[in-house]
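For reference, the structure discussed in these notes is given below.
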Amino acid sequence: MVSFYTLSSSIRALFSCWVLVLTLFGILDTIYALFLKRYKTTILGFFLVFVSIFFRKVLLDHALERERIILEIPRISAHFMNLPWIWWLITCILMTFVSGMFFYQNVLYDKTYITPATIKYFMDHLPDGICYWRNSGQIVLSNSTMERLCVSLTNQPLLNGNIFFEAIIKDIFLLEDRVWKFSYRELSLQNESLYELIASDITEEYLKTKELEKETEKLYILNKKLQEYHLEIEESVRKQEILQAKINIHDEMNRLMLLTVLMECKDFESTRPVFSLWKKNALVLCRESEKEKLFKDEIELFSKQMNVRLVWKNKIPEYLSKAQKELFYSALWEAVINAVKHAKAKTMTIAIEEKEEEICCVFENDGNVPLGKISFTGGLYNLSILANEQGATLQVESQDSFLLKLTFPKIVPSGTL
């Protein structure tokens, strides 16, 4: 049988190219297997590369001998050159088949099993940014989204996790016309400390939150207008009731005037019921029209009797509702009683402070300051219940002096200011 050595130079050159391709293909298969972490099958790749390089060395020795660069080739190279050419052909075909199957198995494994390439592929297709790094700043894992955000934020590629983290001075950023929220945590993996940074796309949630805030603001304005409208209705109903009461009293007065004109004044006992009705109607009319003034006068009269001087620093706002004014005078009444009963006070100061969203009424006396915690009992407890029903708050402070604070939500009816 014809030995490989006796073949023509062109055929040997063809075999040389074939072996070179097998060598390159074997190196590619080996690197691919290492990338897929198929360490056991990598041995086959190294074997194919070794055999290919050996055949390449045999052919190179023969070429150097023919060119008389070396005088004698190694014995093992001479032995393989004297083998029948069919063995070379079979060996090359077998190596080509094994190398092809090796590459096919790598591709099949890459598409079937979870590999680093698979993890990287799916991480790059995530809408959120992901980055893990070590204490030194070395990046362990990151996806294309985070790398893109790093360039947008720092104008530098993502090479050091610590530097990138220092550039994130707040939780929410507007990058690439999207709103991103960054979250950070420390974790441990195989006894090694790692740092995790997640960038979540919250553009839709952010826009919906802004819309919700606008709707809440509109609802607040609408609610405020409804409250004003409710106060106007309440005031209108109260005035209507007062007006109706006055009409009734006016009609009753006309009837009494006629009875008075027509009655006989000889018998005093017969006139007593008529004069009693006169007195009753007059009192009702005066109380309905001057109820607030009477309440204030009663408190001032009681204060004078108890030797407590009332000092008014401000006037009561006219736009306070009837219920609010009644609550104010109830608080003043309770403050005066407590000042006389418990503090032995001589002066009660009433201050009303109007703020942007509330009205704060402070009742301060110059008497003895109570010791310990003050509990809401008796009149203060009932007063706190009335305040809660109107959305107001009742507080007490005892430092240099005793203060009773009543705070109303400020609701000004339209056209008042």
Side-chain angles (χ1 to χ4, degrees), residues 209-210 212-239 291-293 295-297 299-300 303 308-339 343 345 347-367 369-370 373-377 379-417:
T209 302
K210 289 297 182 182
L212 183 60
E213 289 177 355
K214 292 180 181 178
E215 293 296 329
T216 303
E217 185 177 357
K218 292 180 181 178
L219 184 61
Y220 172 76
I221 296 174
L222 179 60
N223 185 41
K224 195 172 183 180
K225 291 182 178 179
L226 287 176
Q227 290 180 356
E228 294 175 0
Y229 181 67
H230 176 73
L231 291 175
E232 291 177 359
I233 291 177
E234 182 179 310
E235 187 67 18
S236 177
V237 171
R238 188 180 70 84
K239 290 181 179 179
K291 187 174 182 181
E292 179 182 337
K293 184 176 182 301
F295 200 0
K296 182 178 179 181
D297 291 342
I299 296 176
E300 291 183 349
S303 301
V308 176
R309 185 170 63 94
L310 297 182
V311 179
W312 293 80
K313 290 190 174 182
N314 313 90
K315 293 183 179 180
I316 302 177
E318 295 295 333
Y319 54 80
L320 286 182
S321 65
K322 177 185 175 183
Q324 289 177 328
K325 289 180 180 179
E326 290 179 356
L327 180 60
F328 172 83
Y329 283 115
S330 298
L332 176 57
W333 179 263
E334 186 65 28
V336 172
I337 291 177
N338 289 335
T347 304
M348 172 67 67
T349 304
I350 301 102
I352 302 172
E353 183 182 0
E354 297 186 47
K355 298 181 180 179
E356 184 176 354
E357 297 182 354
E358 62 184 17
I359 301 172
C360 184
C361 308
V362 180
F363 309 98
E364 181 180 3
N365 66 68
D366 62 348
V369 180
K373 185 178 180 181
I374 302 173
S375 58
F376 281 21
T377 58
L380 286 178
Y381 176 74
N382 296 330
L383 190 63
S384 65
I385 294 177
L386 294 176
N388 290 332
E389 291 178 353
Q390 295 190 28
T393 57
L394 189 68
Q395 297 176 327
V396 293
E397 292 183 7
S398 57
Q399 297 177 354
D400 297 334
S401 61
F402 180 80
L403 288 83
L404 178 66
K405 292 185 177 181
L406 178 64
T407 305
F408 293 106
K410 187 174 183 180
I411 303 176
V412 182
S414 302
T416 302
L417 296 179

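- Contact annotation: the side chain of L383 never approaches that of W333 to less than 4.5 Å [non-hydrogen atoms, C-beta and beyond].
- In summary, of the residues considered (F402, F328, Y329), a ring pair (Phe, Tyr, Trp, His ring centres under 6.0 Å) with F363 occurs for F328 alone.
- Taking CG from N223 and OG1 from T216, the interatomic distance works out to 11.5 Å, rounded to the nearest 0.5 Å.
- Between A331 and L406, the shortest heavy-atom distance links the atoms CB-CD2, 3.9 Å.
- Considering only heavy atoms from C-beta on, I352 stays 4.5 Å or farther from F408 through its side chain.
- Residues N365 and L404 are not in side-chain contact: their nearest non-hydrogen atoms beyond the backbone lie 4.5 Å or more apart.
- Residue K405 holds its NZ atom at 3.5 Å from CD of E397, rounded to the nearest 0.5 Å.
- Between the CE atom in M348 and the CD atom in E300 there is a gap of 13.0 Å [rounded to 0.5 Å].
- One distance of note links CD of E354 with SG of C361; it measures 9.0 Å at 0.5 Å rounding.
- Note that OG1 of T347 is 4.0 Å distant from CG of D366, once rounded to the nearest 0.5 Å.
- The 12-atom threshold is not exceeded at CD of E217, counting heavy atoms of other residues, nucleotides or ligands nearer than 6.0 Å.
- Distance NZ/K355 to OG1/T407: 7.0 Å, rounded to 0.5 Å.
- The side-chain heavy atoms of E353 and V362, taken from C-beta on, include no pair separated by under 4.5 Å.
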